[in-house]
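The structure under discussion appears below in the form of structure tokens.
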4 protein chains.
Amino acid sequence: MAGSENKKVVRNKERIIRAALELFRVHGIKKVAISDVAQKAGISSATIYNHFGSKENMVYATVRYFLTSKLTDFRKVMEGNLTFLEKLEQILMYKEEIFGQYQGELLQEIISDNSEIQQFIDSVYLVEATQILNEFYEEGKKQGYINPELSIKTIMLYSEIIRKGIAGRSILSEDPERNRNLMHDLMPLFIYGIVGNPGKQYL
Amino acid sequence: MAGSENKKVVRNKERIIRAALELFRVHGIKKVAISDVAQKAGISSATIYNHFGSKENMVYATVRYFLTSKLTDFRKVMEGNLTFLEKLEQILMYKEEIFGQYQGELLQEIISDNSEIQQFIDSVYLVEATQILNEFYEEGKKQGYINPELSIKTIMLYSEIIRKGIAGRSILSEDPERNRNLMHDLMPLFIYGIVGNPGKQYL
Amino acid sequence: MAGSENKKVVRNKERIIRAALELFRVHGIKKVAISDVAQKAGISSATIYNHFGSKENMVYATVRYFLTSKLTDFRKVMEGNLTFLEKLEQILMYKEEIFGQYQGELLQEIISDNSEIQQFIDSVYLVEATQILNEFYEEGKKQGYINPELSIKTIMLYSEIIRKGIAGRSILSEDPERNRNLMHDLMPLFIYGIVGNPGKQYL
Amino acid sequence: MAGSENKKVVRNKERIIRAALELFRVHGIKKVAISDVAQKAGISSATIYNHFGSKENMVYATVRYFLTSKLTDFRKVMEGNLTFLEKLEQILMYKEEIFGQYQGELLQEIISDNSEIQQFIDSVYLVEATQILNEFYEEGKKQGYINPELSIKTIMLYSEIIRKGIAGRSILSEDPERNRNLMHDLMPLFIYGIVGNPGKQYL
DNA sequence: AATGAATGAGGGTTCATTCAT
DNA sequence: GATGAATGAACCCTCATTCAT
């Protein structure tokens with residue numbers, strides 16, 4: 001019976017995390033009270049404490065859960081059969097969701113208060129994401145999409161800036177069609193800059 | 001003597017706003033209690049209520065003060081004698097302070113709760129900033145720094161994305177020297193994109 | 001054992017209400033702080049909020065509890081074996097407690113601020129009380145105690161005026177003996193008016 | 001110049017009292033803040049303190065002012081040429097305004113907290129009012145309107161009860177016509193009681 | 001493991017009152 | 001005498017957290 005109980009526990013933990021995730025997205029982390037999460041998950045506040053010990057830990061678990069699942073999605077995209085430029089687009093938009101959809105800086109606010117989350121992000125999450133990106137950009141150089149004189153570090157910083165910039169609330173809308181058009185307009189700028197490259201055609 | 005009395009009041013109001021500004025920057029708006037601001041300003045909480053009526057109004061006044069002063073700085077830079085590229089750099093870095101230093105999304109969180117601030121930003125602040133930028137980018141086209149085929153709208157979106165991206169906490173540091181080097185690395189990317197332009201030299 | 005838990009909660013809620021009731025009677029509703037009630041009930045203020053949500057709701061619950069219990073008492077008296085005149089005396093004095101002991105207008109002040117209480121009093125409390133009184137006065141007419149030419153409505157208004165008048169603080173004292181004498185003096189006036197009826201003897 | 005300044009002061013004091021009076025009637029004494037009165041009077045809160053020293057004293061002055069003016073009105077009516085019954089009606093209705101319009105018990109709440117007001121009411125106000133009433137009821141006995149066997153004390157208590165009862169918020173309305181009809185219905189009850197006196201006609 | 005109940009530590013806000021000008 | 005500004009003491013209320021069952 002231990003097994004089935006265990007499953008029940010896990011399921012309850014997930015329900016809590018899912019409820020938290022949803023509420024965090026809508027209201028921001030600071031505005032969400034433990035009791036809100038409990039109510040949304042259909043359990044009592046005390047149960048959350050039984051599982052996580054503190055609000056901080058619960059937020060930690062929620063963020064970790066979220067980042068882990070996003071990283072999995074990200075890995076899938078990068079291992080898929082898209083072209084370089086398509087993948088680049090995904091990085092800038094898709095990866096955006098990792099932090100962006102979640103009010104990146106609200107999350108960062110939490111992160112900066114919680115060394116455990118920081119640890120997790122720095123050593124587990126970013127390391128892996130960086131590795132994947134590293135390989136991707138190296139491949140881009142080989143394929144001639146990226147100026148080989150640029151350091152990978154600079155490129156990653158650049159794309160991180162753009163990702164962050166896009167992740168800001170007001171850039172992307174709820175309408176996927178509109179977002180696609182937006183990205184279509186912007187991609188030449190990412191690739192050729194504001195001076196542009198009249199001789200070449202994007203895509 | 002009426003003037004000096006008036007100044008005293010204004011000075012006190014400014015002290016409150018300055019205290020709030022400093023605390024907001026460090027801890028975020030939500031974490032700062034009225035009593036914190038009062039203590040930092042060396043007055044009582046009630047005095048803040050005498051001046052502003054509510055925390056919301058005080059935040060509003062603080063944000064408005066901040067944005068107004070930043071806009072003044074920005075206008076000065078744009079009307080100054082820098083080259084186009086230097087001004088561009090300023091836009092991307094300096095303007096960053098307007099929202100960025102302020103944990104952009106924390107501010108936006110407040111903004112979205114307060115239609116008055118929203119009104120102010122949309123109709124007063126953004127309109128003027130946009131106008132200045134508009135002229136600047138038009139000039140850039142004439143001087144050959146910007147691909148004339150690009151619409152101003154797209155360029156502004158692009159630079160907004162980059163500004164937002166840079167404004168994110170972790171990009172810029174407290175060290176101005178380091179930031180300058182950073183911008184030196186990144187400017188070619190903004191201008192020529194990731195493909196680059198081997199034939200031309202940036203500045 | 002579930003029952004005993006339930007009882008404990010109920011007992012606590014009642015303790016709060018009883019504490020509130022006592023304090024309201026002595027100091028008036030507005031002067032009583034939640035913390036006063038909490039202290040008197042031997043619990044924390046937060047507990048009151050857990051139970052009632054707001055001061056307004058707590059007052060509502062207290063008033064409802066009070067009125068309900070008074071109505072029960074009143075009904076018992078009216079269904080009892082007293083004579084018509086004895087019952088009339090009870091109405092004018094006993095019913096007094098319902099509003100009167102409670103500083104009628106202080107209560108009404110609250111009532112006018114709280115539509116829920118108003119609803120309760122109008123639709124639940126007054127309806128039932130009025131019904132009981134209605135039957136009582138009809139019976140009084142049949143038994144010759146009341147001028148049959150008078151409308152029930154007028155009689156009820158009259159007795160309501162007298163009840164309210166008696167309910168005023170300074171009329172009745174703490175001394176039951178004194179109150180009884182008082183009522184003995186006044187009853188002939190209620191019954192025969194200021195002109196009196198020399199031919200008849202009261203009681 | 002002292003005289004004219006003095007007038008100015010007196011006028012200011014009256015403005016304060018009038019503002020207070022109006023606000024007390026509408027909102028009740030407890031809900032009215034000094035700053036409300038100041039605003040309504042078009043002066044600063046501090047000025048009220050210059051004149052009265054404390055809120056309590058200001059309330060005291062306001063109540064005294066009010067009662068004094070009402071007593072004057074009352075005296076005029078009683079010395080006028082109305083019939084006994086007309087005067088009685090006035091007593092029950094008109095006098096009502098003295099306390100009633102002013103949420104009698106709210107006022108009494110204040111009174112009970114302030115021995116100075118209590119003193120004033122007991123020794124100055126009530127003594128005079130009682131004297132006037134005393135003479136009136138004695139005259140009523142002589143004219144045969146009042147049962148001579150009743151003690152004046154009892155009659156006064158009775159009429160006080162009825163006055164208080166009428167003074168309660170819900171009895172009298174804003175419509176004078178309606179109030180007159182009401183009194184017309186009730187006067188026979190006051191005079192002949194609930195048993196009535198079929199042989200006689202009221203008025 | 002789950003919960004209902006209780007709570008301490010604040011946080012925003014109001015208001016009678018004081019004081020320098 | 002009048003005032004603008006400042007304040008301390010409360011007050012209502014929220015929330016993360018604990019604990020007995």
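A note on names: the letters A, B, ... follow the listed sequences, proteins ahead of strands, and every chain is numbered from 1.
Put simply, CD1 on A/I16 is 12 Å from P on E/dA1, counting in whole angstrom units. Whole-Å rounding puts the B/K30 NZ to E/dG12 C1' distance at 13 Å. A straight line from NZ of C/K55 to P of E/dT13 spans 19 Å, rounded to a whole angstrom. Look at CE on C/M58: it is 13 Å from C1' on F/dC11, rounded to the nearest Å. Spacing between atom NZ of B/K31 and atom C1' of F/dA16 amounts to 14 Å, rounded to whole angstrom units. Atom-to-atom, CD of D/E56 to C1' of E/dC15 comes out at 16 Å; the value is rounded to the nearest Å. Atom CZ of D/R15 is separated from atom C1' of F/dA2 by 12 Å (rounded to the nearest Å). Rounded to whole Å, atom P of E/dA16 lies 6 Å from atom CD1 of D/I34.
In the set F/dC12, F/dC13, E/dT13, F/dC13 carries the atom at the smallest distance from any side-chain atom of C/S54.
Residues meeting the side-chain contact (heavy atoms from CB on, under 4.5 Å) test with B/S69, sequence neighbours left out: none. Every side-chain contact (heavy atoms from CB on, under 4.5 Å) that A/A46 has, sequence neighbours left out, goes to A/S44. Listed by chain and number, the residues in a side-chain contact (heavy atoms from CB on, under 4.5 Å) with D/S54 are D/E56, D/N57 (sequence neighbours excluded). Applying the side-chain hydrogen bond (donor to acceptor under 3.5 Å, both in side chains) test to B/R18 and every residue at least two apart in sequence or in another chain returns B/E14, B/Y65.
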Q: Please report the C-alpha distance between D/F24 and D/V59 in whole Å, then the side-chain angles of each, then the deciding distance to 0.1 Å, and finally whether the side-chain contact (heavy atoms from CB on, under 4.5 Å) criterion is met.
A: CA-CA 9 Å; D/F24 289 170; D/V59 170; 4.0 Å; yes

Q: Would you check, one step at a time, whether the test side-chain contact (heavy atoms from CB on, under 4.5 Å) holds for C/M58 with C/T62?
A: CA-CA 6 Å; C/M58 193 263 264; C/T62 303; 3.7 Å; yes

Q) Reading DNA chain E 5' to 3', what string of ( ), [ ], | and . shows its pairs, if Watson-Crick and G-U wobble pairs count only when both distances fall under 3.5 Å? A) .||||||||||||||||||||

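For the contact set between residues 38-52 of chain A and DNA chain E, defined by any heavy atom under 4.0 Å, the members are A/I43, A/S44, A/A46, A/T47, A/N50, A/H51.
A cation-pi arrangement is absent between D/R64 and D/F66 under the rule of less than 6.0 angstrom and at most 45 degrees off the ring axis. Under the 6.0 Å distance and 45° angle rule, D/K13 counts as a cation-pi partner of D/F52.
Projected onto DNA chain F by closest heavy-atom contact, A/G53 and A/D36 fall at different nucleotides, the more 5' of which corresponds to A/D36.
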Ignoring hydrogens and angles, write down the donor-acceptor pairs under 3.5 Å from the side chains of residues 32-41 of chain A, residues two or more places apart or on other chains.
{"residue": "A/D36", "atom": "OD2", "partner": "A/A33", "partner atom": "N", "Å": "3.0"}

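OP1 or OP2 of F/dA2 sits under 4.0 Å from a side-chain N or O of D/N12.
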